[in-house]
Amino acid sequence: MDEEYWELRLYVAGQTPKSVTALANLKKYCEQYLKGRYALEVIDLLKDPQLAEGDQILAIPTLVRKVPEPIRKIIGDLSNEERVLVGLDIRPRGSKGPQ
Amino acid sequence: MLDNTSSPTASRPSALPKLPKAPSGIEGLDEITEGGLPLGRPTLICGSAGCGKTLMGIEFLVRGIQDYNEPGVLMTFEESAAELAANVTSLGFDLPQLQAEKKLRIDQVHVDRSEIEETGEYDLEGLFIRLGHAIDSIGAKRVVLDTIEALFSGFPNEGVLRSEIRRLFRWLKDKGVTTVITAERGEGTLTRQGLEEYVSDCVILLDNRVIDQITTRRLRIVKYRGSTHGTNEYPYLIMESGISVLPVTSLQLNHEVSDTIVSSGIPALDEMFGRRGFYKGSSVLITGTAGTAKTTLAATFAAEICRTHGRCLFLAFEESPQQLVRNMQSVSINLAPYLENGQLLIEATRPTLNGLERHLVSIHKLIREFRPDAVVIDPISNLISVGNLSEVKSMLIRLIDFLKVNNITALFTSLISGRNIQQEMTEEGVSSLVDTWISVRDLEGIGERNRGISILKSRGMSHSNKVREFLVTEQGIHLLDVVIGPGGIVTGAGRLTQQLQEQAQLMAAQQELERKDRELERRRRVLEATIGNLRTEFESVEEELRQINHEEMARQQALTEGKAQFTQPLPLQRPNESQQN
């Protein structure tokens with residue numbers, strides 16, 4: 001159960017500063033905590049606007065954790081590392097939670 | 001928005017273009033807004049729960065698609081597309097079908113705070129993209145956002161949200177779509193989140209009020225920038241065919257009038273009118289206490305309309321059609337054939353079935369469908385049970401106006417309560433609205449009641465001032481001839497007594513005359529007899545006189561002759577002469 005696989009989707013709209021920051025932050029966290037256990041898909045809604053409806057995207061940027069369930073959404077430029085980890089339910093490697 | 005405030009030269013209206021409007025297609029709303037909602041601008045519809053905000057939004061879209069060929073986008077923040085579709089199916093709006101035809105797009109925005117974590121800066125570009133995509137994919141001209149305030153519960157950062165909403169409205173305006181935004185009414189403010197700050201072009205307020213246990217929905221246009229509009233509160237209804245707004249006073253008194261005369265169905269009653277009937281398109285009110293044959297009079301009129309090949313709508317608030325037909329049969333008013341051939345439509349409903357507004361709308365609908373020449377409402381006084389006086393009055397004003405505009409003759413009956421015959425004010429105060437007012441009343445005398453009919457007023461023609469007694473017989477209604485007794489007009493048994501008395505008097509006078517004739521004859525004969533006697537007597541006297549005369553003459557002669565004999569010498573003896581005397 002420890003070796004869960006993470007499927008992440010980041011919705012952006014063009015190369016706005018917020019989107020760029022968010023992507024950079026996300027990549028950093030993933031490499032740090034989920035190395036080799038994640039798939040990251042970046043969706044640019046300017047190119048594929050029809051995809052916004054599926055994941056109920058309103059805010060940009062939005063990070064969606066598709067797997068593991070349940071679906072979680074984190075909005076904003078992901079600048080607050082702690083909140084992103086809590087939001088994605090990722091525990092740093094060092095910690096030993098009961099789950 | 002910019003032009004209107006900065007144009008002091010508004011005195012040349014023809015030169016200035018009018019604010020373009022998008023007709024909503026909602027019955028009555030376009031009349032109040034003088035053309036519709038502001039084209040390409042946002043309109044805010046606010047109201048408390050259960051006002052029909054969502055419905056109004058959906059109807060705006062559906063009518064736009066069906067009537068004006070303007071595709072629409074519905075962005076719903078509360079209900080799912082399936083729920084909405086199910087909710088409006090009963091109104092005949094087939095949303096899935098419209099969606100399949102690519103005329104309507106429903107985008108459900110689901111905001112759940114529990115699954116959203118906020119870190120750092122963000123904006124609502126996703127919403128813009130979605131909406132933009134929905135609009136572009138079907139070429140939408142109309143957008144409904146129902147209810148955008150739901151976002152406030154989903155996003156904790158109100159500052160961002162507000163600036164984004166402001167940006168959204170600006171963006172929608174730039175896109176040139178006519179937008180309807182619904183919002184829940186707040187305490188002391190029009191909307192809970194103060195959306196009216198951002199949407200300042202047109203604000204429509206819906207209200208749901210319960211007075212005396214009866215709900216009335218009312219609509220008011222709070223503001224409409226750059227346009228005049230009706231400012232009153234207008235009742236509106238949610239009906240089988242959607243929302244219907246009723247402008248109370250928008251109709252003006254400038255309808256066409258007719259010079260044609262319509263018979264009341266009772267020749268003697270017609271004769272009481274100077275033009276022998278009612279004007280076509282006028283309104284007639286029959287008032288009376290209970291059991292004064294108001295319904296019978298109304299049915300007679302209905303039958304007459306049908307007999308002269310007209311169409312009549314009979315709205316019965318007391319009796320079922322079957323009962324009415326049966327009861328009228330008993331006085332030889334045969335309505336059944338007209339019912340069968342479709343000339344007569346009896347619509348029987350309990351007044352309490354609907355609120356007043358709904359009654360009015362259903363009457364409007366019936367009239368539009370049936371296209372009658374005359375409408376009978378029996379009785380209007382029953383409507384008082386579902387509304388208060390002023391409401392009933394305002395409803396009747398609108399109804400009468402509507403009928404007049406359509407040149408439909410209207411006949412209303414109204415029950416007057418109370419014993420007071422002088423009470424000629426109807427409860428509804430409609431008497432000033434009607435053109436002809438007929439009063440039927442009980443003429444209660446000693447031990448009996450009779451029915452009297454009189455005309456209180458008749459606009460545009462002279463009328464009889466008499467109270468005529470009438471009978472409801474097996475052959476229908478009969479007006480009786482006026483009988484005037486010593487104390488005025490007499491009715492019923494009094495009338496009979498009067499007639500008998502007159503007959504007796506006549507006979508007595510006749511007999512007296514004959515007696516006098518005979519008496520005279522007798523006296524003549526007596527006199528004649530007397531004259532005969534006298535004549536006989538006279539003759540005998542005359543005879544006697546003649547005899548005496550004769551004798552006297554003979555005596556005179558004898559005397560003369562005797563004297564002569566004395567004076568003369570004795571004649572020669574003639575023996576015969578002396579022997580003769």
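By convention in this document, chain letters (A, B, ...) are assigned in the order of the sequence lines, proteins followed by strands, and residues within each chain are numbered from 1.
For B:K141, the NZ atom counts as loosely surrounded, since its 6.0 Å shell holds 12 or fewer non-hydrogen atoms of other residues, nucleotides or ligands. Other residues, nucleotides and ligands place more than 12 heavy atoms under 6.0 Å from the CD atom of B:E79.
Contact of B:F128 with chain A is not made at all, since no heavy-atom distance falls under 4.5 Å. If you measure heavy-atom distances from B:L151 to chain A, the contacts under 4.5 Å come from the side chain alone. B:V111 touches chain A through its side chain: at least one heavy atom from C-beta onward sits under 4.5 Å away, while N, CA, C and O do not. Only the backbone of A:I71 comes within less than 4.5 Å of a heavy atom of chain B; no side-chain atom from C-beta onward does.
Most heavy-atom pairs under 4.5 Å with chain A, from the set B:D107, B:I116, B:T119: that is B:T119. For chain B, the option among A:L88, A:N80, A:L78 with the highest count of heavy-atom pairs below 4.5 Å is A:L78. Heavy-atom pairs under 4.5 Å with chain B were tallied for A:L58, A:I57, A:L51, A:L45; the largest tally goes to A:L58. Counting heavy-atom pairs closer than 4.5 Å to chain B, the top-ranked of the candidates A:A59, A:S79, A:A13 is A:A59. Taking B:L124, B:N157, B:D123 one by one and counting their heavy-atom pairs under 4.5 Å with chain A, the maximum is reached by B:D123.
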Report task. Starting from the C-alpha separation in whole Å, work towards a yes-or-no answer on side chain to side chain contact (heavy atoms under 4.5 Å, CB included) for A:E81 and A:Y33. Result -> CA-CA 11 Å; A:E81 182 176 340; A:Y33 302 105; 2.5 Å; yes
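At a threshold of 4.0 Å, the pair A:R83-B:E117 counts as salt-bridged, since one of the basic side-chain nitrogens sits closer than that to a carboxylate oxygen. Remark: A:E53 engages B:R105 in a salt bridge, criterion side-chain N to carboxylate O under 4.0 Å. Using a 4.0 Å cut-off between a side-chain N of Lys or Arg and a carboxylate O of Asp or Glu, A:K66 and A:D55 qualify as a salt bridge.
A side chain to side chain contact (heavy atoms under 4.5 Å, CB included) with B:C51 is found for exactly one of B:L205, B:L206, B:I45, namely B:L206.
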